[in-house]
Number of protein chains: 2
Amino acid sequence: MLKMKKKISERTIERLSIYRRYLKEIQAQGKSRVYSHELAKVVSGTAAQVRRDLMEVGCNGCSSKGYEVESLIIEIGDLLDCSEVENVALVGVGNLGRAVLGFFSGKKENFDIVAAFDSNPDKCGRIICGRRCYHMDDLQEVFQKNRISTAILAVPVEEAEKVAKTLVEAGVRAILNFAPTHLTVNNDVFIHTLDMTMELEKTIFFSRQNLNLKEG
Amino acid sequence: MLKMKKKISERTIERLSIYRRYLKEIQAQGKSRVYSHELAKVVSGTAAQVRRDLMEVGCNGCSSKGYEVESLIIEIGDLLDCSEVENVALVGVGNLGRAVLGFFSGKKENFDIVAAFDSNPDKCGRIICGRRCYHMDDLQEVFQKNRISTAILAVPVEEAEKVAKTLVEAGVRAILNFAPTHLTVNNDVFIHTLDMTMELEKTIFFSRQNLNLKEG
DNA sequence: TTTTGGTTGTTAATTTTTTCACGTTGTGCA
DNA sequence: TGCACAACGTGAAAAAATTAACAACCAAAA
């Protein structure tokens with residue numbers, strides 16, 4: 001590697017993704033420049049933090065005119081996106097799976113959900129939210145044919161571990177896991193678990209703490 | 001307040017929630033004791049971190065026998081849970097809303113989704129996943145009658161801000177927001193945004209970084 | 001009984017992340 | 001032009017989170 005890019009923290013990556021969405025939003029509204037304090041608001045952070053995040057990406061703004069929206073979008077994209085659109089598969093076409101498909105439908109992003117999988121034969125062969133649903137048995141084949149290396153796992157928790165194993169065997173590189181369980185995989189596949197129960201419990205906890213702070 | 005409980009970090013709260021789920025799981029399997037390194041695995045952390053988290057809660061284990069599963073569950077519950085079950089409302093009965101309802105159905109937790117709301121009259125009056133669906137117009141009334149102080153917001157992004165305002169007016173204390181946008185509320189309502197696009201982008205980014213580390 | 005091996009509780013050290021502070025710079029106005 | 005203002009860039013400081021280290025402890029085996 002010619003240029004040693006220093007590691008960027010997970011937190012910064014999260015914020016960059018959020019900055020970018022907001023930037024696209026205001027770009028669509030015709031804004032061409034933005035200040036750090038405006039970006040700070042959308043991540044509930046500080047202007048200094050935004051400037052620091054953008055510094056890591058190598059963006060540079062301009063005193064008293066702020067940052068150029070278009071450049072920011074491009075530069076954040078250079079960091080976050082692959083050169084080609086990333087092909088993603090949804091595994092598990094239950095309620096949640098369909099909701100996820102719907103959620104990402106029609107969005108223009110640097111990734112694309114190109115296929116869905118389910119073990120229920122009734123669901124296979126159909127088109128769901130614009131994506132063909134295949135049987136789990138065809139997973140490996142479809143993954144290779146479509147160069148899919150990221151999967152969204154939305155199967156019942158009892159099956160999650162087993163299906164994850166299948167995904168790893170199919171050569172997946174990353175899994176976004178909606179099942180409320182820790183997945184142990186042998187290979188060094190990147191697994192990110194999105195734990196809705198935990199998120200709700202956390203929300204409730206801090207709302208109560210908020211209250212205590214006011215009352216106590 | 002007699003005992004000044006020191007503030008517990010968000011990260012620790014997240015892990016505690018995950019520990020607890022795992023503890024309930026192994027308790028159901030008949031395990032009565034657990035080691036810190038076992039808990040570490042389910043959060044992809046270290047044993048030291050687990051011990052530290054548990055110390056904050058005031059749990060104490062026993063050398064060479066580890067922690068008692070039942071005590072841990074109770075002590076984490078004492079911290080995380082309210083005295084009564086927390087009543088939660090779902091707002092927005094689209095694909096995602098229904099999926100969320102389904103996701104939490106039949107789970108025995110310290111919270112309970114007791115009502116759903118939608119602005120589409122066709123959906124109102126019906127029972128969806130075991131919960132009655134009301135019209136948005138009845139929100140304030142139902143919130144007060146059922147002492148609902150937490151809402152899950154699953155409406156289209158265009159409506160999120162407006163609906164959030166309604167929720168705040170209805171006296172909600174916390175919102176778990178699925179809409180990919182920052183909500184600005186006047187009051188000090190606790191808002192936690194669960195941003196699926198960001199989570200997926202993050203997953204893709206780190207899977208690629210993973211790859212680079214191996215290849216580079 | 002004594003030793004051995006493995007775990008907890010906790011303090012200290014380290015690392016990471018965030019915030020502060022301030023020199024620099026571009027803009028607009030008088 | 002010169003001044004005031006507001007924003008950026010960034011090193012330093014502070015705060016927060018994680019990891020390391022180790023004494024104390026327990027259980028089981030020798």
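First the proteins, then the strands, lettered A, B, ... as listed; each starts at 1. Fair warning: this is a prediction, and the values are worked out from it, not measured in the lab.
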Participant: What pair of heavy atoms forms the shortest contact from B:A179 to B:A160, and how long is it?
Facilitator: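 Of all heavy-atom pairs spanning B:A179 and B:A160, the closest is CB-CB, 3.6 Å.
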Participant: Using 30° and 60° as the class limits, which term best fits the ring planes of A:F190 and B:F206: parallel, tilted or perpendicular?
Facilitator: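 Taking B:F206 first and then A:F190, their aromatic rings lie parallel (interplane angle under 30°).
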Participant: Just by distance, no angles: are the side chains of B:E161 and B:T184 close enough, under 3.5 Å, to form a donor-acceptor pair?
Facilitator: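 A pair is found: one side chain offers a donor N or O, the other an acceptor, under 3.5 Å apart.
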Participant: Could you state the atom-to-atom distance from CD of B:E75 to P of C:dG9 in whole Å?
Facilitator: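 From B:E75 CD to C:dG9 P: 10 Å.
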Participant: What is the distance, rounded to the nearest whole Å, between atom NE2 of A:H37 and atom C1' of D:dC5?
Facilitator: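 Distance, rounded to whole Å: 13 Å.
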Participant: Using a strict heavy-atom distance below 4.0 Å, which residues from residues 22-34 of chain A are in contact with DNA chain D?
Facilitator: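 Within this stretch, nothing sits under 4.0 Å of the strand.
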Participant: Whole Å only: how far is the NZ atom of B:K7 from the C1' atom of D:dA17?
Facilitator: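 Result: 12 Å.
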Participant: Could you encode protein contacts along nucleotides 17-30 of chain C as a string, one character per nucleotide from 5' to 3', using B for base contact, S for sugar-phosphate-only contact and - for no contact, with a heavy-atom cut-off of under 4.0 Å?
Facilitator: SBB-B---BBS---
Participant: OP1 or OP2 of D:dG9 versus the side-chain N and O atoms of A:Y67: is any pair under 4.0 Å?
Facilitator: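 So the side-chain polar atoms of A:Y67 do come within 4.0 Å of the phosphate oxygens OP1 or OP2 of D:dG9, strictly under.
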Participant: Between B:L96 and A:A99, what is the shortest heavy-atom contact and its length?
Facilitator: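 Distance-wise, the nearest heavy atoms are CA-CB, 3.6 Å.
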Participant: Between B:Y35 (OH) and D:dC25 (C1'), how many Å, whole number?
Facilitator: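 Between C1' of D:dC25 and OH of B:Y35: 13 Å.
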Participant: Looking only at side-chain N and O atoms, does A:E86 offer a donor or acceptor that is under 3.5 Å from a partner on A:S149?
Facilitator: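 There is such a pair (donor and acceptor under 3.5 Å, judged by atom type) between the side chains of A:S149 and A:E86.
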Participant: With sequence neighbours left out, write down each residue that passes side chain to side chain donor-acceptor pair (under 3.5 Å) with A:E14, or none if nothing qualifies.
Facilitator: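 Scan of A:E14 (side chain to side chain donor-acceptor pair (under 3.5 Å), adjacent residues dropped) gives B:K202.
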Participant: Do B:S44 and A:H182 have side-chain heavy atoms sitting under 4.5 Å apart?
Facilitator: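 The answer is yes, as the side chains (C-beta and beyond) meet within the 4.5 Å cut-off.
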Participant: Between C1' on D:dT18 and CD on B:E56, what's the gap in Å once rounded to a whole number?
Facilitator: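 After rounding, the gap between these two atoms is 12 Å.
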Participant: Apply side chain to side chain donor-acceptor pair (under 3.5 Å) to B:S105 and B:R131, showing your working.
Facilitator: CA-CA 10 Å; B:S105 277; B:R131 279 79 164 202; 2.7 Å; yes
